[in-house]
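Read the structure below first, then the notes.
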Amino acid sequence: MSHRVDELAERLGCSWQGDGAMVLSGCASLQDAGTGDLSFVSNPRYLAKLADSRAGCIVVAPQVAEQHPGRTLLIAENPYLAFRDAMVLLHGWRLQPAPGISAQAYVDATAEVAEFCTIRPFAYVAPRTKIGRRVILYPGVYVGKDVVIGDDSILYPNVVVYDRCVLGSRVTLHAGCSIGHDGFGYATAPGSSVRTERAPTRSDGEVMHHKIPQAGNVVIEDDVEIGANCSIDRATVGSTVIGCGTKFSNNVVIGHGCRVGEHNLFVADVGLAGSVTTGKYVVLGGQVGVNGHITLGDGAQVAASSKVLSDLAPGKQYGGTPAVELSDAKRIVLQQQRLPDLAATIKRLEKRIASLEARLSSTNADA
Amino acid sequence: MSHRVDELAERLGCSWQGDGAMVLSGCASLQDAGTGDLSFVSNPRYLAKLADSRAGCIVVAPQVAEQHPGRTLLIAENPYLAFRDAMVLLHGWRLQPAPGISAQAYVDATAEVAEFCTIRPFAYVAPRTKIGRRVILYPGVYVGKDVVIGDDSILYPNVVVYDRCVLGSRVTLHAGCSIGHDGFGYATAPGSSVRTERAPTRSDGEVMHHKIPQAGNVVIEDDVEIGANCSIDRATVGSTVIGCGTKFSNNVVIGHGCRVGEHNLFVADVGLAGSVTTGKYVVLGGQVGVNGHITLGDGAQVAASSKVLSDLAPGKQYGGTPAVELSDAKRIVLQQQRLPDLAATIKRLEKRIASLEARLSSTNADA
Amino acid sequence: MSHRVDELAERLGCSWQGDGAMVLSGCASLQDAGTGDLSFVSNPRYLAKLADSRAGCIVVAPQVAEQHPGRTLLIAENPYLAFRDAMVLLHGWRLQPAPGISAQAYVDATAEVAEFCTIRPFAYVAPRTKIGRRVILYPGVYVGKDVVIGDDSILYPNVVVYDRCVLGSRVTLHAGCSIGHDGFGYATAPGSSVRTERAPTRSDGEVMHHKIPQAGNVVIEDDVEIGANCSIDRATVGSTVIGCGTKFSNNVVIGHGCRVGEHNLFVADVGLAGSVTTGKYVVLGGQVGVNGHITLGDGAQVAASSKVLSDLAPGKQYGGTPAVELSDAKRIVLQQQRLPDLAATIKRLEKRIASLEARLSSTNADA
């Protein structure tokens, strides 16, 4: 899908300079781009690489364009968004399989499948499910009883959605996600007067973990995308909710009863314990952990690998373990790195004090 | 499944006060509960919310009941257990699919499948497996050669059990778990006189990681429940063991040769390196990591995100990286938070010492 | 597969002492081994256990053999490699299913499947894939469009390989891995002039995360082994690369555009953000995290649970958060453990200084 520079500019709603007739056939990073490629610079840190890049055309901000009058450039207020839009025009989206229900799939007779759906071999659709229009179920997908899936959602291979969960429209779930398995709820006690799911009540008085039925579900709202091998617990009662427009990377774990807000971004390996609430536009870096029953305000951002042990205010950046405001976290880390020096300093001070004490005693003795 | 308050009390073996004829139809948290719902307070921190809750009935401890004479309450020594039992009575367990072997499943002719099993479409049962009574295999489950599964176990969609592993009775494995894949064992050396599984021996002398056959298996004892997307390595020789009654949350990783004791609780993202041994009733918080060849005593508890680098004594609480006793860990964290202040204090002390030294020198000089 | 001690020595290219006619039938750890078992000692820490072991024969280094003249021993320069080779001879490799394409698999008519492949029930092979000779696809494996897989590769149950990814020869992927799902790339902005994959452009001006097409792929080179439930992102453009001979344990997460070098070892739960580059023979301990756009030099080693926030030099060991050279990291941790003492010391010093100041003032006043 090749495009001329001037044509791209028109489609992206931005301006251009240089060779408007240049034909671009793809996108690439500044380092890898060739003469037929479009690249971009958004982060000022990488501006120095612009001069060396062989990219035919580069998307830049207006103030950057002025400094490179000789290059062919696309000029946009938000270069990253313009590059993204160019990616869509030059590379397009994954070509999805054609609609149709495979004879090698299992679709229960009581399932309601709307028009133009794609259900591939070895996908499984349980009783009383409701599948919206143009939904795509890849091979190995499992959709449990009474699940509802909105229009245009895509479930990649081997995704599992347990019974009674609800997915909105345009939800994308990547391979191996599990949505709505039982949350981690047990009452620890010797014996119980009520039988466990499949076990006779023990009578020997041994303390054990009695499973609590996980009677809730998971609700994933519109436009959510979830990375590979994520695990989202169903609520004990009520719903675990993933808000509209939120995106997760891979292997993210969400405990039962969490309510993740709209337009959040969770990088890989984030883990939320149970009953965490996040506002809108919360951003959690990779491997961030959040303790149970905590609330993160709108727009709170937490640096990678931090552990959140208390509520976070809206609109601020946090870091460290336990997470504190990022500027404080940086000061603490800086001093941690200097701890061996600090300890040595203290030893030296101690000697100087001892020496002072000795001198003062002798001075006093002299006196 | 509605129940009257007085009837619930009888079934749960607890007492009640207020309106015994009140009909409850479900359970909910204190905040979400309506007039037909049962809720509970167990943690004293949440007692204040009791007054505001619209719950028709609340399970509380005897001393709490005395303070709320006007409310309809269920009164139990262990309110959390009583609430759990009420969840079973009011909400029940997931309705499992009816017994029967789907014609769209693959069950090898040499597999032994006991009566009342459920094997759904696209489940795969390899040669010489032995499947106990009432076992449920959801779609996409893979059961490898010579695997043994005890009565009443449930394998949710896309669970994988490699060859020769052994599962006890009433074992529950959630979606996407892998049990018994090869452990992480390689001998690093230039070349080898013995051929690799499928590779010709290299002769160029390049140092490489020669795979060690993982000839052991995984044994999961009775009443174990494993969350979604967990990965449990088979042992190199012998068995990786998960003890009776132990429960894992999601994405837990267990290295080869670990021996996890009975009635352990591992929260999500826990990772055990190889050959770790845990006693009974060990509790590991989310994201805890444990180094290889370490032993954790009975009842040891480790706070979320801590990293265990040495053996832990029985019955104590631990935290931090490296994990130390929790009270010490808290003191360390407190001082870490104060490090910038501490560093500033040291600077001030240094100045005061220098000033003292100067004064003492001048005093001495005077003298 | 039993072997005599003298015969094993010949096969392994090492020497022996003691009873060369002893027949060994298996391998075991020093603690678990019986009289018919071979064991090994490589780590000097475990030498003390040698005397108590009931193992019939033990692989040791020459200097160890001299100290135990009475025992039957295999004597090798690299005891761990010799033990590994003995594991291959005594235990062998997993017996793989016989070649053949199951009638219950789905293999697209346009797929090219070379001779001697094994494709089990419920495996799915998409259009235009090229599968090399002797490749094994277990049940539930998904191979996307235009994927290429080299000879002798093994994909265990429920592995997913997205479209256009390339696997080399002798690649082993364990259960539940996802290779080549979309990377985590979004441009955050109010609206966009170009439509999203399946969504109409929003017109209400709400700030949202606009998905960037992930048009690249994943290339996994020869002799790579990947543990269970790992997730490897496809590149936005170009390729995410896993170098020849590299091995991952379970639940490892690799961001888009990473280039992992040859013969790396990543222990479980390692997470690489986007565009990380590693040299040859890099070793990352369990739960290590690496920030985006970072380079790790050849042979760099990072201790478990460390977080890498800046480039690492070749050939050195690192630890801590942020990761610094391991010797420094150990000094920092040591002082962290002593922080409460350090704080108490500072308080005492402060008092001694105050006392000195008071004494000096009174001395001066006296004077």
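To find a chain, count down the sequence lines: A is the first, B the second, and so on, and within it residues start at 1.
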| said: Side chains of B:E206 and C:E262, heavy atoms from C-beta outward: is any pair under 4.5 Å? | reply: yes
| field | Minimum side-chain heavy-atom gap C:P340-B:I332 below 4.5 Å | value | yes
| field | Distance under 6.0 Å and angle within 45° of ring axis: C:R120 vs B:Y106 | value | yes
| query | Under 3.5 Å, side chain of C:N78 to main-chain N/O of B:A189, donor-acceptor pair present? | reply | no
| remark: The interface call for C:L342 against chain B, heavy-atom contacts under 4.5 Å, is neither
| query | For the residue pair B:H181 and C:H174, does the interplanar ring angle fall in the parallel (under 30°), tilted (30 to 60°) or perpendicular (over 60°) class? | reply | tilted
| said: Is the ring pair B:H209/C:H263 parallel, tilted or perpendicular, if the boundaries are 30 and 60 degrees? | reply: perpendicular
| field | CD1-CZ distance between C:I346 and B:R338, expressed to the nearest 0.5 angstrom | value | 11.5 Å
| request: Side chain from CB out, backbone as N, CA, C, O: work out which of these in C:F266 comes under 4.5 Å of a heavy atom of chain B, or both, or neither. | output: backbone
| field | Centroid-centroid under 6.0 Å between C:Y156 and B:Y142 rings | value | no
| query | chain C heavy atoms under 4.5 Å from B:H256: which part of the residue, side chain, backbone, both or neither? | reply | neither
| task | Quick one: which of B:D182, B:V324, B:N158, B:N251 has the most heavy-atom pairs under 4.5 Å with chain C, could you say? | result | B:D182
| note | Looking only at B:Q104, B:K211, B:Q336, the option with the highest number of non-hydrogen pairs under 4.5 Å against chain C is B:K211
| query | If we ignore angles and hydrogens, is there a donor and acceptor under 3.5 Å between the side chains of B:D233 and C:N250? | reply | yes
